[in-house]
Structures are given as C-alpha cells and as structure tokens.
Number of protein chains: 2
Amino acid sequence: METSDLKKAGLKVTLPRMKILEILENSETRHLTAEAIYRELLDSGEEIGLATVYRVLTQFEAAGLVCRLHLEGSQAVFELERGGHHDHIVCNQCGRVEEFFDETIETRQREIARQHGFSIKDHALVLYGDCSDSACPHRPV
Amino acid sequence: METSDLKKAGLKVTLPRMKILEILENSETRHLTAEAIYRELLDSGEEIGLATVYRVLTQFEAAGLVCRLHLEGSQAVFELERGGHHDHIVCNQCGRVEEFFDETIETRQREIARQHGFSIKDHALVLYGDCSDSACPHRPV
DNA sequence: CGGCTCGATGATCAAGATTCTCATTTCTAT
DNA sequence: ATAGAAATGAGAATCTTGATCATCGAGCCG
Ligand SMILES: [Mn+2]
Ligand SMILES: [Mn+2]
Ligand SMILES: [Zn+2]
Ligand SMILES: [Zn+2]
C-alpha cells in the first residue's frame, strides 16, 4: 500500500506495481488470480502485459507483500499480506472464499510434526464445502 | 488390485490399467507422479503412452481407486486409496512424504466449517518442514 | 531541470503439465 | 469367431507460468 513498502523491498515504484497493489487493496474479492488482476487493469484502460502481472506478483510474494495460494483451481490466487496467517474455506459451488484461524489446529500441526521428527516450517489447509450464501447456486433451501 | 474393482467401476480390464495398478501397489513410494509411473512402465519394457497413464489415473480417481494430491510440486501425485483418509507431511529438503491422521484436527475442521455456514465435503492439509531422515541432505546434526 | 544507468516493462516466445483428437487396436459379450 | 464399444498411443493442443530481449522510465547526480 505504501510506496515505501516497495522501496523497502528494493523495488522501484512504477505505475504497474502501484496499480496492481491498488487492485489487491480495493477489490471486494481478497483472493484474485493473476489473470483477474490483468483483466481488471485492461478494463480500467491500463496498458499492461500479463507477464508483468505475473512477474510483479512473484516479486511481491518474495517481498512478503502478498501470499500465493492454490485453491483447487488451475490458477493460483494472490492476496495482500495483512493481519497474519490464516487458512481458507472454499465453496465448491460458487467459489466463495472465507478465511479462518484456529489455534487448536495450529497447535496440533506442530505436535504432529514433532512426533514425526519434522521441524515444521509451513502448512497449507483448505476446506471445501457448500456455503450458505443466498447467491450460491447450490444454496440449501 | 482386483480386476473386479475395475469392472465394478465400469472399466474394461486392460493391460495398461493392470500394470498401473501393479505399480501403485508395489512401489515403495506410495505417492507417485504420473510421469514416475510412466517411466517405471517404460523401464520394465511396457509400451505405453503418457496420455494413457494420465487418462487411467483420472479414471481411477473418479472410481475412487486412487487419490490425487498436490504437494507443492508442479506435478500432482497419486496414491492407491486404501485404509482411508489421511493427511501429509512433506520434507522441504528431500521430498519425503509421511502420512498422519488426527481426529482433533478433523473435528475442528467440521466445527469451523459449521461456524461459517459451510457444509464441509473435503479438505486438503499438507505440512511442510525438514525431516530427520539420515539420508536427508538437510538433516540437522 | 537534463541526462545517465540500470531496473522494469511489454511482446513474444518457451516450457511444463495435462488433456484432447483420431486412427488403430483390444475387450467383451454374443 | 465376430461385431460393437471402449481403450490405446502418438502427437497436437491447451493452459498457466516463466524466460528473452529490445525499449522505456524511475532514481540519482550535477
Ligand atoms: Mn486469505
Ligand atoms: Mn498418502
Ligand atoms: Zn457457495
Ligand atoms: Zn528430508
């Protein structure tokens, strides 16, 4: 969000980078594919290459500004890094993504890793199901 | 393993299908990529196409005979469905995969999904870390 | 402000994984 | 054994993402 974050990461403050950050901040969908960001930029009249979007997102990821997630789709999704770690629930029908953090699960993960002689560094947890959104095509009546 | 499993799934009993099942059963590595299976077949003198391996594995998955996992590699890995559900720990250094099942985590997942109004259908949980295998290049002394 | 230098960009190409197409082969049931 | 349907293999195609390279622009100095 701050241009200082870019400078801190050793990245020049450029128009494509600021526009991509802007979209990640302002989109009601916190979780976006590279292509969704690209299309949004095109729609708003920006001239940008898809390769730049992928490149910039990868740099942002390395700088800790965004997270890359693989949510059972062919394309990765990106989200702004704020708040801190959390995991995800995805609706199989409408694709809606919700976030959660559960200390019980986090703790058990560490215990399990230790039992197996692993020093845990990271984890990926995604729950899949059917949501109760009124707009969800599979909404239970 | 049984040809009856194939017939039950509405699949003809063919040589490629039986050979693939055989490899999934006998490999010491329970988790194999499609290409690993393909290479193993070639090495043992079978004439098979990579497309067939992918096709058959996808059919096996649909029939519930195998599971497809995405373990932080570009390629999916497949494993024979037996025992029942479990999750995975992967070593970042040597790629070793261990399995675990934790009822505490499973229960919390259901509770979290319910709190969010989701009817949970499935989940993916992978822990990443460094293992303590003597052959692991990163083994802590 | 004007120019310099190197990182950034955009267009295109390339790579890797997986699926699709289609002619040919192989099962399976009769 | 034969016919009909399904499966196979070879290769093309697709999709996502990263690499190349000539051009452009941000940051810096005077
Ligand atoms: Mn998130
Ligand atoms: Mn497993
Ligand atoms: Zn939904
Ligand atoms: Zn290891």
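Quick note: numbers below take in every heavy atom, side chains included, and nothing from hydrogens, waters or symmetry partners. Numbers restart at 1 for each chain; the letters A, B, ... are given by sequence-line order, proteins then strands. Being a predicted model, the structure only gives us computed values, none of them experimental.
Listed by residue number, there are no residues of residues 31-40 of chain B with a heavy-atom contact under 4.0 Å to DNA chain D. Of all the residues in residues 45-59 of chain A, A:E47, A:I48, A:G49, A:A51, A:T52, A:R55, A:V56 reach under 4.0 Å from DNA chain C with at least one non-hydrogen atom. Within residues 69-77 of chain B, the residues having any heavy atom closer than 4.0 Å to DNA chain C are, in order of number, B:S74, B:Q75, B:A76.
Sequence neighbours left out, the pairs with a member in residues 20-71 of chain B that pass ring pair (Phe, Tyr, Trp, His ring centres under 6.0 Å) are B:H31-B:H88. Here salt bridge (Lys or Arg N to Asp or Glu O under 4.0 Å) pairs that include residues 118-129 of chain A, with residues two or more places apart or in two chains, are A:K121-B:D130. Within the structure, the salt bridge (Lys or Arg N to Asp or Glu O under 4.0 Å) test picks out the following pairs touching residues 99-111 of chain B (sequence neighbours left out): A:D102-B:R108, A:R108-B:D102, B:R30-B:E99, B:E103-B:R110, B:R108-B:E111.
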Identify all pairs in which a protein N or O lies below 3.5 Å from an N or O of nucleotides 26-30 of chain C, and state each distance.
residue, atom, partner, partner atom, Å
C:dC27, O2, B:K12, NZ, 3.1
C:dT28, OP1, B:V13, N, 2.8
C:dT28, OP1, B:V13, O, 3.4

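With values rounded to the nearest 0.5 angstrom, A:I20 atom CD1 is found 12.5 Å from A:E25 atom CD.
With sequence neighbours excluded, no residue forms a salt bridge (charged side-chain N to carboxylate O under 4.0 Å, His left out) with A:K12. Judged as a salt bridge (charged side-chain N to carboxylate O under 4.0 Å, His left out), and not counting sequence neighbours, the contacts of B:E61 are B:R68. For A:E40, the salt bridge (charged side-chain N to carboxylate O under 4.0 Å, His left out) test picks out no residue, with sequence neighbours left out. Here B:R17 pairs with nothing under the salt bridge (charged side-chain N to carboxylate O under 4.0 Å, His left out) rule; sequence neighbours left out.
Between A:R17 and D:dA26, a side-chain N or O to OP1/OP2 separation shorter than 4.0 Å is absent.
Checking side-chain atoms of B:S132 against main-chain N and O of A:G117 turns up a donor-acceptor pair under 3.5 Å. Under a 3.5 Å cut-off, the side chain of A:T29 and the backbone N or O of A:L32 do not form any donor-acceptor pair.
Between B:L11 and B:Q59, some side-chain heavy-atom pair lies under the 4.5 Å cut-off.
Hydrophobic cluster of A:I89: the remaining members, joined at side-chain heavy-atom separations below 4.5 Å, are A:F100, A:I105, A:I112, A:F118, A:I120, A:L125, A:L127, B:I89, B:F100, B:I105, B:I112, B:F118, B:I120, B:L125, B:L127, listed by chain and number.
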